[in-house]
Amino acid sequence: MQNQLLDQKQAWSDQLNQWVQETQHFGEKGNFVDYIPDLIDANRTDLGVTVMGMDGTTLHAGQWSTYFTLQSISKMITFILACLQRGLSTVMEFVDVEPTGDPFNSIIRLEANHQGKPFNPFINAGAITISSLLVGEHTEEKLESVIDFMELMIGRRPHINEKVYRSEEKIAFRNRALAYFLKETGYLEGEVETALDVYFRQCAIEVNTTELALIGLILSQDGYHPFTKKQLFEEKIAKIVKALMLTCGLYNASGKLAAFVGIPAKSGVSGGIVAAVPARNCKSKNPFPDGCGIGIYGPAIDSIGNSYAGTKLLQQLSREWELNIF
């Protein structure tokens with residue numbers, strides 16, 4: 001029986017390696033964002049993935065151990081934390097949960113909406129608002145709670161890439177405009193520069209695909225950490241986050257994600273993608289019927305801001321292993 005399980009795991013691992021090899025060339029069509037210094041030496045065809053199941057089964061392929069910055073993936077983490085600290089109803093007074101179909105740094109919806117309320121926490125305006133809602137008066141206090149929360153999830157205290165933080169902080173003119181607009185309309189608490197500094201620093205937190213997969217797994221289990229046996233956040237928060245991932249997680253390509261991948265996912269411009277696959281009751285080719293988390297890294301991104309090869313790999317995983325939630 002043990003040998004049979006090992007053989008099955010090896011077969012899944014072989015499949016994963018094959019799919020990485022088949023999709024990594026798509027990275028040649030992508031580019032790097034010029035404000036992330038660590039991407040200067042990256043290869044466009046770099047591609048890594050980790051898939052992690054409830055029983056601890058973990059599959060790796062490609063450049064899975066490479067560390068990269070969270071960027072917009074941090075938005076879902078701070079949203080969860082703000083809901084824990086301030087309560088879901090309070091957070092919903094400051095941000096909505098509606099998709100926009102606009103670029104992540106767009107200001108047009110704030111101006112078009114007579115209230116000026118951010119449409120969701122995954123666009124930059126909403127994420128900056130969420131950063132302002134985190135408990136604490138100063139950057140260090142707010143950020144410490146983010147690091148503490150991530151440590152509960154991934155089992156280590158993550159590092160902030162100071163070089164990436166400084167690079168992004170230096171050119172963040174659009175984000176400053178968004179923040180001052182939010183302050184003027186009453187959707188940003190505290191000092192503008194404090195909220196911005198927290199936002200820039202949270203985006204520069206480093207992870208690898210295994211840690212992303214673990215975060216995705218916890219979300220797939222509605223906030224329950226299967227290895228520490230702790231409920232880290234409420235089921236209702238997890239369900240809202242997964243709905244946001246499906247409808248807003250890949251910026252203005254989220255509709256295509258829902259239609260052609262069908263897995264809640266969140267991307268970042270450093271090339272990271274985290275996905276949460278819930279349990280499936282039906283018989284299928286799915287190696288993880290009790291749910292799994294997926295972490296992907298492919299640094300070359302498309303014009304929208306999503307990993308070019310990473311989204312292709314996620315689509316193939318969904319199709320071949322029948323991970324689609326619909």
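- By the 4.5 Å heavy-atom criterion applied to side chains, Leu212 and Trp64 are not counted as neighbours.
- Under 4.0 Å is where a charged nitrogen must lie from a carboxylate oxygen, and between Glu151 and Arg157 at least one such pair does.
- A distance of 13.0 Å separates OG of Ser132 from OH of Tyr199, quoted to the nearest 0.5 Å.
- Side-chain atoms of Arg86 and Glu189, non-hydrogen and from C-beta on, do get closer than 4.5 Å to each other.
- The shortest heavy-atom contact between Ser318 and Val261 is OG-O, 2.6 Å.
- Looking at every heavy atom in both residues, Ile205 comes nearest to Met150 through CG2-SD, 3.8 Å.
- When hydrophobic clusters are built by joining Ile, Leu, Val, Met, Phe, Trp and Tyr residues whose side-chain heavy atoms come closer than 4.5 Å, directly or via intermediates, Val277 is grouped together with Leu313.
- Met153 approaches Leu214 most closely through the heavy-atom pair O-CD2, 3.1 Å.
- For CD of Glu162, the number of neighbouring non-hydrogen atoms (other residues, nucleotides, ligands) closer than 6.0 Å is greater than 12.
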Practice task
I would like to know whether Lys75 and Asn124 meet side chain to side chain contact (heavy atoms under 4.5 Å, CB included); could you show each step before the answer?
Solution key: CA-CA 9 Å; Lys75 296 171 181 176; Asn124 287 12; 2.7 Å; yes
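- For the 3.5 Å distance criterion, the side chains of Asn43 and Thr45 fail to qualify, holding no donor opposite an acceptor.
- Taken from CG in Asn175 to OH in Tyr180, the straight-line distance is 12.5 Å, to the nearest 0.5 Å.
- By the rule that hydrophobic residues join a cluster once side-chain heavy atoms approach within less than 4.5 Å of another member, Val33 and Ile73 end up as members of one cluster.
- With a 4.5 Å cut-off on side-chain heavy atoms, Leu59 and Lys9 count as touching.
- Heavy atoms only, all atoms of each residue included: Ala309 and Gly27 are closest at CB-N, 3.8 Å.
- Counting heavy atoms from C-beta on, the side chains of Trp19 and Val49 never come closer than 4.5 Å.
- Hydrophobic clustering, with ILVMFWY side chains joined whenever heavy atoms are under 4.5 angstrom apart, keeps Ile215 apart from Tyr224.
- In terms of modelled atom types and a separation under 3.5 Å, the side chain of Asp290 and the main chain of Ala279 share no donor-acceptor contact.
- Each of Leu188 and Val135 belongs to its own hydrophobic cluster when Ile, Leu, Val, Met, Phe, Trp and Tyr are linked at side-chain heavy-atom distances under 4.5 angstrom.
- Both Leu196 and Ile130 belong to a common hydrophobic cluster when Ile, Leu, Val, Met, Phe, Trp and Tyr are linked at side-chain heavy-atom distances under 4.5 angstrom.
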Practice task
Let me see the working for Val198 and Thr78 under side chain to side chain contact (heavy atoms under 4.5 Å, CB included), right down to the final yes or no.
Solution key: CA-CA 10 Å; Val198 173; Thr78 52; 5.9 Å; no
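- Of the N and O atoms on the side chains of Tyr67 and Asp38, not one donor lies less than 3.5 Å from an acceptor on the other residue.
- Checked by atom type, the side-chain pair Arg319/Asn324 shows no donor-acceptor distance below 3.5 Å.
- Of the inter-residue distances, the one linking Ser303 atom OG with Tyr308 atom OH reads 7.5 Å to the nearest 0.5 angstrom.
- Residue pairs meeting the salt bridge (Lys or Arg N to Asp or Glu O under 4.0 Å) criterion with at least one member in residues 238-256, sequence neighbours excluded, are Asp222-Lys239, Asp222-Lys242, Glu235-Lys239.
- A side-chain donor-acceptor contact under 3.5 Å links Gln63 to the backbone of Leu47.
- For Gln221 (side chain) and Gly223 (main-chain N/O), no donor-acceptor pair under 3.5 Å exists by modelled atom type.
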Problem - Step-by-step side chain to side chain contact (heavy atoms under 4.5 Å, CB included) determination, Tyr251 to Val269 - result: CA-CA 10 Å; Tyr251 311 122; Val269 294; 4.0 Å; yes
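- Using a cutoff of 4.0 Å between basic side-chain nitrogens and carboxylate oxygens, Glu191 and Lys183 are not scored as salt-bridged.
- Of all heavy-atom pairs spanning Val20 and Gly62, the tightest one is CG1-CA, 4.2 Å.
- Counting all heavy atoms, side chain and backbone alike, Phe227 lies closest to Met54 at CE2-O, 3.6 Å.
- A donor-acceptor pair under 3.5 Å is absent between the side-chain atoms of Gln71 and the main chain of Ser267, judged by distance alone.
- With 3.5 Å as the limit, one finds no donor-acceptor pair spanning the side chains of Asp14 and Gln18.
- Between atom CD1 of residue Ile128 and atom CD1 of residue Ile123 there is a gap of 9.5 Å, rounded to the nearest 0.5 Å.
- Separation of atoms CZ (Phe288) and CH2 (Trp12) is listed at 6.0 Å; rounding is to 0.5 Å.
- Contact of the Pro158 side chain with the Ile147 side chain is registered, since non-hydrogen atoms from C-beta on lie closer than 4.5 Å.
- For the residue pair Tyr165 / Asp197, a side-chain donor-acceptor distance below 3.5 Å is found, with atom types taken as modelled.
- At a threshold of 4.5 Å between non-hydrogen side-chain atoms, the residues Asn17 and Ser13 count as touching.
- Rounding to the nearest 0.5 Å gives a distance of 8.0 Å between OG1 of Thr247 and CD of Glu98.
- Side-chain atoms of Glu93 and Tyr187, non-hydrogen and from C-beta on, never get closer than 4.5 Å to each other.
- Formation of a donor-acceptor pair under 3.5 Å by the Lys142 side chain with backbone atoms of Gly136 is found in this model.
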Practice task
Check the pair Asn31, Arg44 against side chain to side chain contact (heavy atoms under 4.5 Å, CB included), reporting the backbone distance first and the verdict last.
Solution key: CA-CA 7 Å; Asn31 291 294; Arg44 282 181 168 77; 3.1 Å; yes
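- Using a 3.5 Å distance cut-off with no hydrogens or angles, the side chains of Glu22 and Gln316 do pair a donor with an acceptor.
- Met76 places a side-chain heavy atom less than 4.5 Å from the side chain of Leu219.
- In this structure a side-chain-to-backbone donor-acceptor pair under 3.5 Å is present from Ser254 to Gly249.
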